[in-house]
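So you know, we letter chains A, B, ... as the sequences are listed, proteins then strands, and number each from 1.
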There are 2 protein chains.
Amino acid sequence: MAVSGQPAGSWSEVRDELRSRGLRWTPQRRMILDVLAATQGHVTSSEIVERCRERDPETTPSTVYRTLDLLEELGYLKHSHGADGREEFHVLPETEHGHLTCERCGRSWEMEPQEASDLVRALERSRGFSVDVSHLTIAGQCTECSTRSSAPSRPRCRLSFRVKRT
Amino acid sequence: MAVSGQPAGSWSEVRDELRSRGLRWTPQRRMILDVLAATQGHVTSSEIVERCRERDPETTPSTVYRTLDLLEELGYLKHSHGADGREEFHVLPETEHGHLTCERCGRSWEMEPQEASDLVRALERSRGFSVDVSHLTIAGQCTECSTRSSAPSRPRCRLSFRVKRT
DNA sequence: GATGCTATTGCATCTTGATGCATTTGGCGA
DNA sequence: TCGCCAAATGCATCAAGATGCAATAGCATC
Ligand SMILES: [Mn+2]
Ligand SMILES: [Mn+2]
Ligand SMILES: [Zn+2]
Ligand SMILES: [Zn+2]
């Protein structure tokens with residue numbers, strides 16, 4: 001993975017990969033990669049659009065979405081889904097990991113692949129199904145929320161648009 | 001669960017539950033329940049909107065979405081997410097189950113809770129995290145797709161809008 | 001059966017994201 | 001360096017779904 005830890009400016013790996021496939025190295029793609037390099041943890045596409053806009057207000061959302069798709073196809077990114085179903089990109093997938101998210105407090109944690117290894121092996125054996133661990137998001141309740149009583153047993157983890165009031 | 005197998009017309013359980021909470025029994029809600037009763041397996045919200053429209057073209061989408069939210073809060077529905085992140089409702093949650101979905105062929109299967117029980121126990125023990133099995137969707141590759149070679153290692157499971165051309 | 005309170009509806013509008021298409025432009029070859 | 005052509009961008013438009021608000025209508029009470 002070249003995206004991580006590169007001094008913004010030496011995107012030669014990605015650039016060459018694109019060119020070698022007959023794809024193109026554009027200023028837009030360069031900027032998106034710069035933004036990704038400055039990002040840690042999980043980000044949604046729209047957060048990336050926002051960050052691009054901070055650098056260049058002219059940023060076109062669809063260009064960003066399409067570039068993210070491409071980078072994922074090329075293996076530079078992976079995504080999973082938050083409890084609300086929205087895609088979240090793993091910007092620095094040094095190590096493969098799954099995800100845990102608490103339906104009540106909304107916090108989330110990364111999960112070592114070995115934590116899911118029993119499940120992975122069981123499904124492999126019984127069904128020949130091979131789990132995509134990095135796409136995996138397991139929802140539930142964290143310790144703290146379970147201990148802290150008073151709870152709707154399964155509150156809906158819905159999308160929510162924070163309406164931007166001007 | 002009253003939703004399953006009821007002759008469309010005797011929604012007394014749901015109706016009484018609503019009334020007892022100071023909520024209301026409206027023709028819209030009645031129709032949505034009728035649609036749900038005629039549905040099996042998993043459905044997305046927009047599919048439910050379509051089915052409602054078949055019965056009453058005047059159906060307002062937001063009314064449907066809000067009713068589905070309500071029914072889930074009351075425990076009459078549950079949802080999980082397809083590989084693309086979209087919500088899919090379990091209309092007849094007689095038995096709790098998780099979900100498997102193949103990123104290549106798109107098919108999906110239900111998973112007995114016991115199949116995930118190792119995982120559930122492991123997370124409970126190591127983190128005190130209690131998994132919401134019915135929300136769980138595990139993506140990966142099914143046997144057939146794994147055997148059948150020639151594959152993009154991890155094709156993106158993206159949303160797709162089938163554009164309705166008139 | 002009429003009344004009043006408040007839950008719901010319907011509607012307009014917004015957000016995230018996908019997509020078709022015309023225009024622009026990266027980059028290779030001459 | 002110039003031109004060409006396919007790849008990308010920008011833009012308009014669409015889809016699914018969320019949300020605020022004013023008008024409507026359940027239903028409990030009288
Ligand atoms: Mn969810
Ligand atoms: Mn996905
Ligand atoms: Zn929590
Ligand atoms: Zn398959």
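In the model, His135(A) has a side-chain atom that pairs as donor or acceptor with a side-chain atom of His81(A) under 3.5 Å.
Taking the ring centroids of His90(A) and His42(A), they lie under the 6.0 Å cut-off.
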Verdict with reasoning, Arg148(A) to Cys145(A), per side-chain contact (heavy atoms from CB on, under 4.5 Å): CA-CA 5 Å; Arg148(A) 206 182 315 143; Cys145(A) 287; 4.0 Å; yes

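For dG17(C), one of the phosphate oxygens OP1 or OP2 lies less than 4.0 angstrom from a side-chain nitrogen or oxygen of Tyr65(A). The phosphate of dA25(D) has neither OP1 nor OP2 within less than 4.0 Å of any side-chain N or O from Arg24(B). Between dT16(C) and Thr44(A), no contact under 4.0 Å exists linking OP1 or OP2 to a side-chain N or O. The phosphate of dG17(C) has OP1 or OP2 within less than 4.0 Å of a side-chain N or O from Ser46(A). Gln28(B) has a side-chain polar atom (N or O) that falls below the 4.0 Å cut-off from OP1 or OP2 of dG10(C).
To the nearest 0.5 Å, the span separating CG on Leu36(B) from CZ on Arg29(B) amounts to 13.0 Å.
With dG26(C), dT19(D), dA16(D) as the candidates, the nucleotide lying closest to the side chain of Ser160(A) is dT19(D). With dA7(D), dG10(C), dC11(D) as the choices, the nucleotide that has an atom nearest any side-chain atom of Ser62(B) turns out to be dG10(C). Side-chain proximity of Thr63(A) to the nucleotides dG17(C), dG10(D), dC27(D) is greatest for dG10(D). Residue Leu159(B) has its side chain nearest to dG17(C) when only dG17(C), dT9(C), dG26(C) are considered. Of the listed nucleotides (dG26(C), dA18(D), dG27(C)), dG26(C) has the atom at the smallest distance from the side chain of Thr26(A).
Of the residues near DNA chain D, Leu23(A) and Glu87(B), the one whose nearest nucleotide (by heavy atom distance) lies more toward the 5' end is Leu23(A). Along DNA chain C, the nucleotide nearest to Gly22(B) and the one nearest to Thr60(B) differ in position, and the one closer to the 5' end is contacted by Gly22(B).
Going from atom CZ of Arg29(B) over to atom C1' of dA7(C) covers 8 Å, rounded to whole Å. At whole-Å resolution of the value, CD in Glu73(A) and P in dA7(D) are 14 Å apart. Here the C1' atom of nucleotide dA7(D) and the CG atom of Leu18(A) are 11 Å apart, to the nearest Å. Distance CG (Leu70(A)) to P (dA18(C)): 14 Å, rounded to an integer number of Å. Between the CE atom of Met31(A) and the C1' atom of dT9(D) there is a distance of 12 Å, given to the nearest Å. Between Arg19(B) atom CZ and dA7(C) atom P there is a gap of 16 Å when expressed in whole angstrom units. Atom-to-atom, NE2 of His81(A) to P of dG17(C) comes out at 11 Å; the value is rounded to the nearest Å. Residue Arg66(A) contributes atom CZ, which lies 13 Å from atom P of dC21(C) at whole-angstrom precision.
The main-chain N or O of Ser80(B) is never found under 3.5 Å from a side-chain atom of Ser134(B) such that the two would form a donor-acceptor pair.
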